[in-house]
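This report concerns only the one structure given below.
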Amino acid sequence: MRSVGAPQAWDPEVIDQAIPELPKAVPNYNGSVRVDEPPVELSVRALEVWRGEKPKTKATGEIDRSGSLVKIGRVLYDAGATRSAVVTALAERDESLAWRKYTGRADADNRYHEIVDELESNGRNRRARMSVDAGGVKRDNLPTIVVNNRQLPEVTAEAIEALAAHNDPPEIFVRAGRLVRVREDENGTPEIQPMDDPHVKGRLARVANYVRTTEKGETKVIPPDWLVKDVGQLPYWPFPSLEAVVEAPIMRPDGTIFDTPGYDPETRLYYRPGKGFEVGQIPTTPTHTDTQAAIRLLDEAVGEFPYEDGASAANVLALMLTPLVRQAVSGPVPLALIDKPQAGTGGSLLAETIAVIGSGRTAEMLGAPRDEEEWRKQITAKLAAGATMITVDNVEGSLYAPSLARALTARTWTDRVLGRSETVTVSQRATWIATGNNIQLRGDLPRRCIWIRLDARESRPWQRENFRHPDLLGWVTKNRSRLVHALLTLARAWFAAGRPKAPNLPRLGSFEGWAETVGGMVAFAGIPDFLGNLAELYDKADAGGLEWETFLYTWWEELDASKPITVAELSKVISTNDDLRAALPGDLAEAFDKSAGGFSRKLGTALAKRAGTRYGDDGMHILRAGEFRRAIRWKLELSSTECEFVSLVSLYDPSARKDKERKKGEGAEKDSTNSQTHTQAVTSHGDPEAWEETF
Amino acid sequence: MIPDERSERTTELWVHLFEGLDGYLVTFTGRQSSNPGARPNELDDTAQSSWRWPEQRDEAAAHLLEESKAGRDAYFGVHLFRRRGSRKADNAAEVLALWVDGDGARVPKDWPQPTAVVESSPGRHHFYWRLTRPIAPEEAAQLNKRLCYGMGGDKGKWSLGTVLRAPGTLNYKRGAPTLVAGSVGA
């Protein structure tokens, strides 16, 4: 360290007196010294560029001199300056602003001409002439469009040009082949609104003056209806396309975070945070401490739901991440099925909690329609409105919906517009949730779902008490920015670590992209067992729940069901008990009619498959009760009220991380690009067991 | 492992430059481009963050050191900003210290001497002049420019929104990384 022998601070006046003035040719930064006038009239913004106040800068903040000269050339050229005027002006600016990129060089003149060559090759951008905002307050500065004695395409082209000139930042978008705008309802909730003729007319009126010319002079008019209709029915508009409006920062495909309110051309999303909602900076390379803190906070939000198994808890974390990283996922996203044995277990609350975190409000609700036509209409309506989270709430019994199954694997959704003879195609990027009691999936749905199973294992789960946050939704709403921060921290940590693959990831056909991305994030956060209950979900899908409930209750009533029994013994009893035989589920009844041996085998398999599954209000379930002479014995039990709930924190498995890191270490030799990141991840995480001590 | 002392070097400079001010501190990091035709200091995968000053001071310093440790060049905005996110001049907050990237040049002996110096790489220094009172950003830019032109510093680094290397981090610009060293006060 070198010592600096100087006062701790200087009076600015002293510095001002002590240092030399700028060389004569260098103008003051704030323009207080006379700046040469531009060769053409410029708007306020363009003048700032001319004065060198808006130079193009490099990533490090350094002025990009050649880029800045092009920028000045652009505003002059757009304002109508001739080639010679631009070249002369560039030479003057290069010297006056002390950039001296080409000043004094023998080829300077050629360089300035090359800039004009480039400008000419891109054409004039007349938008730059406009300086007023969309409100159209300064009407004198608006372009004038003559609407009589002209061809329609000519007038429309000028109107479109005026609209485009006032669309920075973008307010008009194209979505599903229509002009749309983003507006807020009376509650401040943003929505995508198709622009009907009155909207287009209002907008046109704010971006140009319309006149009719006669021999007596000009008459001001409002935009004529024929112009409005023509603008609205063009096959193409020069406006950005809009996919959805989001109310939380999101991760882009390249792993960066889009958190600046407004439109993002890369993701085609419009970020409109709610009032006062501000997510802190997401660490570029989150540390182990960061991810620990994130998991702890998220656990406060969703850790007290009675997950039946670890996979359900891990799947919840995946579901929470999904809307925030949706743009980083290539391909479709499965439906999250939140089901439970009985009402009051918290399925709807969980869905609502996740929606509030992801979107700032409850999800778009879809009552499970009875018929296919209604499914289709509702899906179209929700997607056309730009819904990013959709919940099919309180599904009763079975869920069979080919349209929903189709939507889940589609990247775009096409359907007829209600009340019109036209079709609409919208992008399908929503996150879907379904809630209900013991939902039976039918058709193609099982393989398009992930399962979050809740089971409070008590008769009145809604009477549970002593929650950390009794008003959970209130707490989540209040802490939403922290929760979003936590989720994006987990996402970013995975990205920064080189996007490691989750170990033993089950294959989820059609959703591999989602499973790899979100599953990787969940596993990297130290939460194991993501999608670990997929096989059970498939098994459950083919189960005749009601039939089994009837059979088990009959067994309970007819036998001493708490007494363990082997399959052979049970088969024998069934053969002599008419009630039990009549209550057999369909496939078993069929096997019973065929042969005794086949029936016993099938009965054994079926009992094993359904062991632990709760049936009926009492939570009747089959339990393995040891062996007798190498034969498994089974018994029935009603639901136990004692249980340990699974939370994200309790699931943390340090050995999973170690295993993962070891695997990454093996891969590091092959991929030198990732090796540095890998080292970072390992060292920053330190001793995983230390984490456990923090809980 | 980077010792904690490095973090202290960063915060020591920041306190010198921003003490008593309120606003957002900006950090900026990036990785030296691996493209074959890349110029020295051409950065890829850049990331900019805003931190509440002074509340998130230590967090910001830790972040820069983490980034540096991960092989990324680490910079900070040499003045505070009024709002988070933007590093544009119109977002600049009041300025308490002037700066010049010497780029090999030295401060003339008869000038007010800098109150802090950061050696960004061997023989190259950033100079800071802490002021007795905060001044308007435009005024600061004007003085910076005069300082820069007067002593022959890097003419691309006098303006508002400039970021310079943070002491305690590593400079990866030329081959083997070198420590960015700094000193404050008498």
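Note: hydrogens, waters and symmetry copies are ignored here, and every other heavy atom, side chains too, is used. Residue numbers start from 1 in every chain, and the chains themselves are labelled A, B, ... in the order their sequence lines are given, proteins ahead of strands.
- Residues G150(B) and P20(A) share a closest heavy-atom pair of CA-CG, 4.0 Å.
- Neither the backbone nor the side chain of L96(B) comes within contact range of chain A, judged by heavy atoms closer than 4.5 Å.
- Contact check for T285(A) versus E67(B): side-chain heavy atoms found under the 4.5 Å cut-off.
- Residue with the most contacts toward chain A among S49(B), P108(B), A97(B), A47(B): S49(B) (heavy-atom pairs, distance under 4.5 Å).
- Remark: R133(B) engages E13(A) in a salt bridge, criterion side-chain N to carboxylate O under 4.0 Å.
- At a heavy-atom separation below 4.5 angstrom, chain A is approached by H63(B) within residues 51-64 of chain B.
- The most heavy-atom pairs under 4.5 Å with chain B, out of T256(A), I15(A), V14(A), come from I15(A).
- In this structure T162(B) satisfies the side chain to side chain contact (heavy atoms under 4.5 Å, CB included) test together with V78(B), W99(B), K157(B), S159(B), L164(B), sequence neighbours excluded.
- R130(B) contributes no side-chain N or O that, together with a main-chain N or O of W10(A), makes up a donor-acceptor pair within less than 3.5 Å.
- Considering all non-hydrogen atoms of both residues, R84(B) and E278(A) come closest at NE-OE2, 2.5 Å.
- Between K155(B) and I63(A), the closest side-chain pair of non-hydrogen atoms is not below 4.5 Å.
- For chain A, no part of D45(B) is nearby; none of its heavy atoms comes within less than 4.5 Å.
- Proximity to chain A (any heavy atom under 4.5 Å) is restricted, for I135(B), to the side chain, taken from C-beta onward.
- Within the model, atoms CD of E53(A) and NZ of K88(B) stand 14.0 Å from one another, a figure rounded to the nearest 0.5 Å.
- The side-chain heavy atoms of L143(B) and D16(A), taken from C-beta on, include a pair separated by under 4.5 Å.
- In this structure, OG1 in T132(B) is found 12.5 Å from CD in Q8(A), a value given to the nearest 0.5 Å.
- Y149(B) places no side-chain N or O within 3.5 Å of a backbone atom of E21(A) that could act as its donor or acceptor partner.
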